[in-house]
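Small disclaimer: the values here were computed from a predicted structure and weren't measured. As the structure lists them, so they are numbered: ligands from 1, and atoms in each ligand from 1.
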Amino acid sequence: MTDLTSMTIAEAKAGLANKSFTSLELTDAHLAAIEAARSLNAFILETPDQARAMARAIDARIARGEGGPLAGIPLGIKDLFATKDVRTTACSKILGNFVPPYESTVTSQLWRDGAVMLGKLNNDEFAMGSSNETSCFGPVVNPWRREGSNTSLVPGGSSGGSASAVAALLCMGATATDTGGSIRQPAAFTATVGVKPTYGRCSRWGIVAFASSLDQAGPIARTVRDSAILMRSMAGHDPKDTTSVDIGVPDYEAAIGKSVKGMKIGIPKEYRLDGMPAEIEKLWTEGAAWLKAAGAELVEVSLPHTKYALPAYYIVAPAEASSNLARYDGVRYGLRVPGRSIGELYENTRAEGFGDEVRRRVMIGTYVLSAGYYDAYYLRAQKVRTLIKKDFEDCFAKGVNAILTPATPSAAFGVGEKGGADPVEMYLNDIFTVTVNMAGLPGIAVPAGKDAQGLPLGLQLIGRPFDEQTLFSLGEVVEQAAGRFTPPRWW
Ligand code: GLN
């Protein structure tokens, strides 16, 4: 029998359909892989009993000819998604052992379509971070290492567990969320494919909120096709999320292999940063050449407000976070640290329950929303956001179908290497990704090459609103040209 963990979702679907193996066998193979990879710290909760029960049930469904589009496929779930009767913590001490009595819409759609849950995946606390180092469960280790080195590298964040688990063949795909880059940056750091859909494409219901006007769920998978397969199940209108948009979900997989001939691809000149590593520059040029060879037309475009995106994001996101996180008061759920008065109980609980980065965001957010500073910071950042969105609109109005940029300004870095003294050093990771969230657009990160140390690098494609299909078509061109990358197994 073929190795059950190294297949793509598309291959596994075919194998399940022609009865080469059962979902239970596929699930068991992944549970064993997870057990053998505990040193990566990607899974913070393994749910083997539930996984086997789901797999048996789906095997019966398949036998009756009733399997759905994800029938029997084992997945990992970021711990930001509420899973009914399964502990959900957002990797924060403040949620303690919270067990939701409900299921998030996105995960419920995955189970509806026959997927199997292997367990919950590590992430930065409340998804705040770019390295998975802010998790109360400790950092996740990237399965990739620099050539000839044993240094532990971060998998990126905040969906570090998702990216690491998919890259290390612990699950066939994973859910993730992206507020400023948390799907695309970890995908780029681990040679996986990450899709941040258009704002409103996937329901946010049942996902722990970070910054509600920016948060979007999406998949991390090993191929562009697999990410398209997962997207179809994750997307869709949900009346329980008022920002979810009522547009039919297309067959994203049908976009794979579609010709990109004649498409106009924008290369934004403002993304060519001073001091950008030559390797990133080279990768970008190479990516453009691949798209050109496939028949696309490349045009230089200008997104003049790009340089304000990061500072504006670090006002809008903390502002919304400070408001969203007000609910963690020690009364409603999770951790409770008593005090002599109710005020003291709130203070003690929040001081004990939130980690440093979350506290920093709450303080920044409260400050920029305070009466004296609201206009100067929050309102101003919202105006900047409108201008950033307009930059993209102008560009698309000129007939540009998608925009090509690097996904990250560097490859994966070492655990503990960045952001210790200066948090801005960590925030700079998001330089190419936050604009997309600020404008509500879809973006995909696709593995495109390696740096001199043998670490994966990714390219990003940014699309028109609700045109994820074009990103899948273009992403597959990049994937075909670049090839696929798998880390050598050492764990
Ligand atoms: N790294 C960014 C932040 O820390 C983005 C995180 C995310 O997308 N959830 O805010």
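- Heavy atoms of Ala317 come nearer than 4.0 angstrom to ligand 1 in no pair at all.
- Scanning all protein heavy atoms for the shortest distance to atom 5 (C) of ligand 1 gives Tyr313 OH, 3.3 Å.
- For atom 2 (C) of ligand 1, the closest non-hydrogen atom of the protein is Asp430 OD2, 3.1 Å.
- Between Phe126 and Phe354, the ring-plane angle classifies as perpendicular under the 30° and 60° cut-offs.
- Side-chain polar atoms of Lys78 and Thr175 form no donor-acceptor pair below 3.5 angstrom.
- No part of Tyr427 comes within 4.0 Å of ligand 1, judged by heavy-atom distances.
- Taking every heavy atom of Phe210 and a limit of under 4.0 angstrom, the matching atoms of ligand 1 come to 9 (N), 10 (O).
- Backbone and side-chain nitrogen or oxygen atoms of Met128 are examined, and none is located within less than 3.5 angstrom of a nitrogen or oxygen of ligand 1.
- Nearest non-hydrogen protein atom to atom 3 (C) of ligand 1 is Tyr314 OH, 3.2 Å.
- Numbered from 1 in the order shown, with element, the atoms of ligand 1 that lie under 4.0 Å from a heavy atom of Ala127 read 6 (C), 7 (C), 9 (N).
- Glu417 places a side-chain N or O within donor-acceptor distance of the main-chain N or O of Gly414, the cut-off being under 3.5 Å.
- Set against the non-hydrogen atoms of Asp178, the atoms of ligand 1 under 4.0 Å away are 8 (O).
- Both the backbone and the side chain of Ser182 come within 4.0 Å of ligand 1, counting heavy atoms alone.
- Using modelled atom types, no side-chain atom of Arg361 and backbone atom of Met128 make a donor-acceptor pair closer than 3.5 Å.
- Taking any N or O of Gly157, backbone or side chain, none lies under 3.5 Å from an N or O belonging to ligand 1.
- Both the backbone and the side chain of Thr179 come within 4.0 Å of ligand 1, counting heavy atoms alone.
- The proximity of Arg361 to ligand 1, defined as any non-hydrogen pair under 4.0 Å, is limited to the side chain.
- Put simply, the side chain of Asn41 never gets that close to the backbone of Val140: no donor and acceptor are under 3.5 Å apart.
- Taken from CD in Glu357 to OG in Ser135, the straight-line distance is 13.0 Å, to the nearest 0.5 Å.
- Checking side-chain atoms of Arg464 against main-chain N and O of Val400 turns up a donor-acceptor pair under 3.5 Å.
- In this structure, Lys418 satisfies the cation-pi test against Phe413, with its NZ or CZ atom closer than 6.0 Å to the six-membered ring centre and inside 45 degrees of the ring normal.
- No donor-acceptor pair under 3.5 Å is formed between the side chain of Thr486 and the backbone N or O of Arg484.
- Of all atoms in ligand 1, listed by their number and element, those nearer than 4.0 Å to a heavy atom of Ser158 are 9 (N).
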